Amino acid sequence: MKTTLKVLIPVWVFFLMAGSNVVAQTTKSSTLEPVDYVNPLMGTDSKFSLSNGNTYPAIALPWGMNFWTPQTAKMGDGWQYAYSADKIRGFKQTHQPSPWMNDYGNFSLMPVTGELKFTEEDRASWFSHKAETVQPHYYSVYLAEYDVTAEFTTTERAARFRFTFPENDKSYIVIDAFDQGSYVKIIPEENKVVGYSTRNSGGVPENFRNYFVIEFDKPIEYTAVWEKDRLDENKTELSGEHAGAVIGFSTKRVK
């Protein structure tokens with residue numbers, strides 16, 4: 001039996017896009033909405049040396065404050081999701097307009113089980129497109145390395161995740177606030193992690209920060225913060241060049 005964890009991520013940023021309401025029109029005889037015909041994986045079979053499509057699966061509402069995407073590439077790589085990849089490093093909030101312009105204010109989440117792996121290389125999990133569902137408003141994938149099903153959808157200003165874990169005494173969620181200066185703080189009594197990312201590729205003010213608030217529906221039993229490849233279980237707050245956090249809990253059978 002598996003345990004499901006739900007995560008709500010409200011996010012505040014300094015830059016907002018002017019929005020408009022988009023209404024899908026369908027006939028009464030149709031059982032499908034126009035959005036059902038969209039394949040967000042189109043154009044993702046590309047890389048720097050073969051600029052072919054240059055898209056990523058952007059899960060978001062029209063004119064949403066932020067987009068979310070599975071991340072297969074290394075931090076800082078503009079080709080953040082490649083169809084040919086076979087490992088996922090995390091699920092990333094992104095504002096990227098194109099791989100050539102790259103991203104800004106990004107951070108990621110990644111569920112892991114068993115031995116705690118928190119760096120992006122170590123925590124990466126095998127996945128298959130056969131166990132991946134990609135729609136403009138919904139994403140789901142099975143992470144074979146950890147026997148976890150990850151799902152998420154978005155709102156105008158936030159995202160909602162659902163991680164279904166196996167029965168396990170060591171289940172974790174790794175928050176990666178990325179490099180170029182970042183901050184994380186775990187608040188166990190509120191089941192919450194807050195922080196900010198300053199990562200960017202230019203075109204932002206000197207004091208740019210993308211703040212995030214992550215709320216969990218399961219009590220936090222384990223806490224740690226990390227910077228680059230160093231884990232510290234004695235702290236719940238960290239500011240540094242590349243900061244991250246880990247929260248953990250047991251996911252035992254519910255009677």
Side-chain angles (χ1 to χ4, degrees), residues 1-9 59 68-75 81 85-93 107-134 138-153 159-178 184 186-188 190-193 195 212 214-236 238 242-255:
M1 184 173 182
K2 294 194 173 185
T3 298
T4 298
L5 172 72
K6 296 179 181 178
V7 185
L8 176 65
I9 308 176
I59 314 303
W68 287 84
T69 187
Q71 178 192 354
T72 64
K74 293 182 180 180
M75 176 181 61
Y81 178 97
D86 50 23
K87 283 192 174 184
I88 287 177
R89 300 165 184 261
F91 303 99
K92 188 177 88 163
Q93 185 200 85
F107 68 98
S108 73
L109 288 80
M110 183 66 177
V112 303
T113 59
E115 179 186 356
L116 176 55
K117 300 175 181 179
F118 58 92
T119 66
E120 68 170 10
E121 290 287 346
D122 291 341
R123 70 179 183 245
S125 171
W126 297 99
F127 82 103
S128 168
H129 296 300
K130 295 179 180 179
E132 183 184 40
T133 300
V134 191
Y138 171 80
Y139 180 86
S140 174
V141 70
Y142 176 69
L143 301 173
E145 198 84 14
Y146 306 113
D147 191 21
V148 171
T149 298
E151 303 168 88
F152 61 88
T153 188
R160 190 173 183 91
F161 281 75
R162 179 166 61 188
F163 299 125
T164 303
F165 290 88
E167 184 173 1
N168 199 296
D169 290 331
K170 297 180 179 180
S171 296
Y172 307 97
I173 295 178
V174 178
I175 297 98
D176 190 341
F178 289 14
V184 291
I186 306 172
I187 311 174
E190 298 182 18
N191 291 335
K192 185 182 294 182
V193 176
F212 56 84
I214 308 172
E215 298 177 355
F216 303 90
D217 71 347
K218 186 174 177 62
I220 297 173
E221 300 172 4
Y222 170 89
T223 63
V225 294
W226 56 275
E227 184 171 12
K228 297 181 179 179
D229 60 354
R230 180 177 57 84
L231 185 73
D232 193 336
E233 297 179 316
N234 299 314
K235 294 182 179 180
T236 56
L238 177 66
H242 183 180
V246 181
I247 62 101
F249 34 77
S250 60
T251 50
K252 295 183 179 180
R253 185 185 301 274
V254 179
K255 296 181 181 180

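Here the structure is a predicted model, which means the values were calculated and not measured. Side chains included, hydrogens not; waters and symmetry mates left out as well; all remaining heavy atoms used.
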[X] side, atom [atom1]; [Y] side, atom [atom2] - distance, nearest 0.5 Å:
| X | Y | atom1 | atom2 | value |
| --- | --- | --- | --- | --- |
| Asp232 | Glu227 | CG | CD | 10.5 Å |
| Asp229 | His242 | CG | NE2 | 10.0 Å |
| Glu151 | Phe91 | CD | CZ | 10.0 Å |
| Arg123 | Ser108 | CZ | OG | 4.5 Å |
| Leu116 | Tyr222 | CG | OH | 5.0 Å |
| Asn191 | Ile186 | CG | CD1 | 11.5 Å |

With a 4.5 Å cut-off on side-chain heavy atoms, are [Y] and [X] touching?
| X | Y | answer |
| --- | --- | --- |
| Thr223 | Pro188 | yes |
| Glu132 | Tyr139 | yes |
| Glu190 | Glu215 | no |
| Val134 | His129 | no |
| Phe152 | Leu109 | no |

*Hey, can you tell me if Phe161 and Phe163 have their rings parallel, tilted or perpendicular (30° and 60° cut-offs)?*
tilted

*How are the rings of Phe212 and Phe107 set to each other: parallel, tilted or perpendicular (split at 30° and 60°)?*
parallel

Locate the shortest heavy-atom distance separating [X] from [Y]; write the atom from each residue and the value.
| X | Y | value |
| --- | --- | --- |
| Ile59 | Tyr138 | CG2-N, 3.6 Å |
| Ala177 | Val184 | CB-CG1, 4.1 Å |
| Ala245 | Trp226 | N-NE1, 3.2 Å |
| Met75 | Gln71 | N-NE2, 3.7 Å |
| Ser125 | Tyr146 | CB-CE1, 3.8 Å |
| Trp68 | Ala159 | NE1-CB, 3.3 Å |

*Please confirm whether the backbone N or O of Pro166 pairs with a side-chain atom of Thr251, one donor and one acceptor, at under 3.5 Å?*
yes

_Chi angles and distances behind the side chain to side chain contact (heavy atoms under 4.5 Å, CB included) call for Glu121, Lys74_ = CA-CA 8 Å; Glu121 290 287 346; Lys74 293 182 180 180; 3.2 Å; yes

*asked:* Quick check on side-chain hydrogen bond (donor to acceptor under 3.5 Å, both in side chains): which of Thr164, Thr149, Asp147 does Tyr142 satisfy it with?
replied: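 Among Thr164, Thr149, Asp147, the one meeting side-chain hydrogen bond (donor to acceptor under 3.5 Å, both in side chains) with Tyr142 is Asp147.
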
*asked:* Looking at Lys235, I want to see if its NZ is surrounded by more than 12 non-hydrogen atoms of other residues, nucleotides or ligands under 6.0 Å.
replied: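 No.
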
*asked:* Run the salt bridge (Lys or Arg N to Asp or Glu O under 4.0 Å) test on Arg89 and Asp176 for me, step by step, so that the C-alpha distance in whole Å, both residues' side-chain angles and the decisive distance to 0.1 Å come before the verdict.
replied: CA-CA 10 Å; Arg89 300 165 184 261; Asp176 190 341; over 6 Å; no

*ring pair (Phe, Tyr, Trp, His ring centres under 6.0 Å) evaluation trace for Phe249 with Phe165*: CA-CA 11 Å; Phe249 34 77; Phe165 290 88; 5.6 Å; yes

